[in-house]
Every structure is written in C-alpha cells, then in structure tokens.
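Below you'll find the structure, written out as structure tokens, and then a few comments.
Naming convention: chains lettered A, B, ... in sequence-line order (proteins, then strands); numbering from 1 in each chain.
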Number of protein chains: 2
Amino acid sequence: MLSRASKYAILSTLYLAEHASKEKKMSVKKIADAIDVPSPFLAKLFQQLVHAKIISSVKGPNGGFYITKKNGDKTVCDIIENIDGLHKLNECFLGLNECDGENPCPVHFIVEPFKKSILGKFRDKSILEFSKEVADNGRFLTLKHLDLD
Amino acid sequence: MLSRASKYAILSTLYLAEHASKEKKMSVKKIADAIDVPSPFLAKLFQQLVHAKIISSVKGPNGGFYITKKNGDKTVCDIIENIDGLHKLNECFLGLNECDGENPCPVHFIVEPFKKSILGKFRDKSILEFSKEVADNGRFLTLKHLDLD
DNA sequence: ATAATAAAAGATAATAAGGTCTTTTTATTT
DNA sequence: AAATAAAAAGACCTTATTATCTTTTATTAT
Ligand code: FES
Ligand code: FES
C-alpha cells in the first residue's frame, strides 16, 4: 500500500519530532542509525520533506534536521502526499481501476471503512500529536530488531 | 499490500470460476483479454496455480484452463499464499519488523482488525462462493476501463 | 580567513517486480 | 500419421524502486 520510501519518511519524521528541536538538531546519519534505514536514501527523502516544509534543516557544523511548531502542524498525510501521492491510500485492494461503490470488488466494503479510518487518523492528527502518542506509550518505532526482554 | 501478480491471479481465477468449466475450457489469451491483464504474465501465474491445484488445465486443441469442484474449494488465501506468500497480508502498515500488540505502531489497532477481517474472508469463503457472489451482484472484475452508462 | 561539518543536488548503481519471447511438450482433430 | 492448438518451461528484456556515491553549497567554529 505505502512504498518503503513513505514508511521510512514517516518513521524518521516521527523520530525527529520526538528527539530533535531547533536547539538540538540531528544529522541524517544519526536518525538513519537509530531506526535502521539506509542513510543516503533517507537524505533524499528528507530533502523532499524540507522542500514541502514538513521538516526544517540547517547546513554546516551543528546543523541538521529538526521540527518547528509550524512544521509540527503538518500531518502524516502530508508526508505520504509528498513521497508517494495520496492516491496510494485509495487504491482498490484487488487492483480494480476504480475503488468505489459503483462496481465494488468482493472486499470493497471491508476495505472502504478501513481506508476512511486510517486516512482520517493521518489527516486529523498532527505529526507532533502522533509523536507525543508514541512517546507517551513508550514505543520504539525502529526497523532494527530489538530484543525487548 | 498485495503484488500486482496476486491481484491478477485473483481476478483471473474468479473470472475463470464464473466463465469456464471442464466442458468449456478457456485459453489464457481469452481470459487476459477479458480482464485486461498481460497474457504472457498471466500464463506464468496460471502455471503456478495449476501446480498448486487451485485451477486445472489441459493442453492441445480445445484445451485450456478450468476449475473443478475440487479446485473450487480452494480459497483466495491459497492463491495469495502461492503467488506472494501469506506474510504479505500480515505486514505492519508502517513497515515495522513485527506487527503485533507488543510494540505496535500508531495505526496498529486500526490495521489489525482490518487484516483479521480480510484474512477471514479470504480463508473462509471458497473461490466458487466468491465467484458466485460476484456473478449474483452483476459485477465485472476487470482492469479494463468500462463505460457503464 | 580557514577548516570543518552537514545538507543539497544530481548522477549512478543494484535489485526486484513486471512483462515478453522462444522452444518444448502434450493432447486433439483431421 | 500429420497438422494444429494450447499449456509448460525457461530464458530474456524493461521499468520502477531502492540504494549509493560524488560534487557543490551553506553555515559555523577556530
Ligand atoms: S473496489 Fe476493491 S477495495 Fe474498493
Ligand atoms: S504494528 Fe504497524 S500495523 Fe501492526
């Protein structure tokens, strides 16, 4: 449904929201290591996100990426829109050209509410709210295999 | 979530279930044309499905593919399992290595019930039942752009 | 000013997914 | 028996995605 690129971008942005700030910027390398994402690839993705004003960046020593209040109002939806395009969230589960009630596939009426629900969450919650939720629940959104024992 | 290959395989098999029988076998070409799927690609997919005894085939003149009662008891789940592998239906929506309640991502509790529900449908309904449902509702499961006016 | 640091930009490479083509085998019809 | 039709098998090509590398530019600390 989402490309790996979008997933990387989402996880990394949430990580950034939780761990960086204007005062404590973070380099791609650090973030990439933390959540186990290929760092040159992430660099590309972050470029796009800066362009879309979803995150901020400063070059040079002590530079790096961070998230301002204003950035934080952006949504996961905005990330997806900029990396994959929103249509990726609205495709028919079985690949029909149109996903709607007019000529629905056999699972449409299961898929439709799910899509509505997830799109809603991605659109209505800001990135900061998402990241707060993650932190409050003590979650680690990393691709690294963690041994949590 | 599902690869295009799986989607093609599912749509084509449902088409086959509705339109072919031991007495009226169908060639790849015909099916591919009907639902607008690349025919050599479909041929490959059908090979795998025959191997997995999900559909049947006979070579030579008036040969082709068809579905027996026994085939018809197979499920969409079986198709997915043979083309993509079932794990494709159980991945984390945001790409985490494990999708479970232990370290869930922010959308896990929306995704989880959806996955359960769709997996249930794919596992409990036979291909014949699915295809009957499609026929009864007068649906066309094709990738061709239909002008339904 | 200079050196160092980190992002931006763009070119390039590797891999995987999707798609096609050719030859072989098997069954059917004439 | 010969011709033909269709699937099986496998090699091959194309495109998109994922990933990396190199150069340039901006910023900061010395
Ligand atoms: S038509 Fe297939 S999911 Fe909506
Ligand atoms: S952990 Fe992300 S969907 Fe289950």
Side-chain angles (χ1 to χ4, degrees), chain A residues 1-13 16 20 22-33 35-67 71 80 82-85 87-88 91 95 143, chain B residues 1-13 16 20 22-33 35-67 71 80 82-85 88 95 143:
Chain A
M1 216 150 202
L2 293 183
S3 70
R4 220 182 280 188
S6 272
K7 290 171 183 168
Y8 289 170
I10 294 168
L11 296 179
S12 303
T13 303
L16 197 67
K22 182 145 197 179
E23 294 73 43
K24 205 175 74 186
K25 308 185 188 75
M26 267 197 148
S27 70
V28 173
K29 188 81 184 56
K30 248 191 156 173
I31 300 161
D33 283 356
I35 64 181
D36 204 36
V37 144
S39 76
F41 193 37
L42 182 56
K44 284 280 133 195
L45 297 173
F46 267 15
Q47 261 180 50
Q48 294 182 248
L49 297 185
V50 169
H51 224 100
K53 300 191 201 302
I54 294 166
I55 63 178
S56 303
S57 73
V58 168
K59 292 182 185 179
N62 284 317
F65 296 92
Y66 61 103
I67 291 192
N71 291 145
I80 296 170
N82 272 279
I83 306 292
D84 273 354
H87 62 96
K88 276 286 201 114
E91 288 166 342
L143 302 180
Chain B
M1 218 150 202
L2 293 183
S3 69
R4 220 182 281 188
S6 272
K7 291 171 183 169
Y8 288 170
I10 293 169
L11 297 179
S12 303
T13 303
L16 196 67
K22 182 145 196 179
E23 293 74 43
K24 202 175 74 183
K25 306 184 189 77
M26 268 199 149
S27 71
V28 173
K29 187 79 183 58
K30 249 193 156 171
I31 300 160
D33 284 354
I35 63 181
D36 203 34
V37 144
S39 76
F41 193 35
L42 182 57
K44 284 278 134 193
L45 297 173
F46 268 14
Q47 260 180 50
Q48 293 182 251
L49 297 185
V50 169
H51 224 101
K53 298 190 202 301
I54 294 167
I55 63 178
S56 303
S57 72
V58 167
K59 293 183 185 178
N62 282 315
F65 295 93
Y66 60 102
I67 291 193
N71 292 143
I80 296 170
N82 273 279
I83 306 290
D84 274 353
K88 275 287 200 112
L143 303 181

First of B/Lys44 and A/Gly63 reached from the 5' end of DNA chain D, by closest nucleotide: B/Lys44
Nearest-nucleotide comparison on DNA chain D, the residue closer to the 5′ end among B/Ser27 and A/Ser39: B/Ser27
Is any side-chain nitrogen or oxygen of [X] closer than 4.0 Å to OP1 or OP2 of [N]?
X       : N      : result
B/Asn62 : C/dT29 : yes
A/Arg4  : C/dA16 : no
B/Ser57 : D/dA8  : yes
B/Tyr8  : C/dG18 : no

Output the single nucleotide from [options] whose closest atom is nearest the side chain of [X].
X       : options                : value
A/Lys59 : C/dG19, C/dA6, C/dA9   : C/dA6
A/Pro61 : C/dA4, D/dT18, C/dT20  : C/dA4
A/Val28 : C/dA7, C/dT20, D/dA8   : C/dA7
B/Pro38 : C/dT20, D/dT18, D/dA19 : C/dT20

Sugar-phosphate, base or nothing in reach of A/Phe46, heavy atoms under 4.0 Å: nothing
Nearest-angstrom distance from the residue atom CZ of B/Phe41 to P of D/dA11: 18 Å
Interatomic distance, B/Ile83 CD1 vs C/dG19 P [rounded to whole Å]: 14 Å
Base-pairing mate for D/dT30 - Watson-Crick or G-U, with both contacts under 3.5 Å: C/dA1
Does the side chain of [Y] come within less than 4.5 Å of [X]'s, by heavy atoms?
X       : Y       : value
B/Phe46 : B/Ile31 : yes
A/Thr13 : A/Ile67 : yes
B/Leu2  : B/Ile10 : yes

Any donor-acceptor N/O pair, A/Gln48 side chain to A/Ile83 backbone, under 3.5 Å: no
Partners passing side-chain hydrogen bond (donor to acceptor under 3.5 Å, both in side chains) against B/Ser3 (at least two apart in sequence or in another chain): B/Asp84
Side-chain donor/acceptor of A/Gln47 to base of C/dA7, under 3.5 Å: no
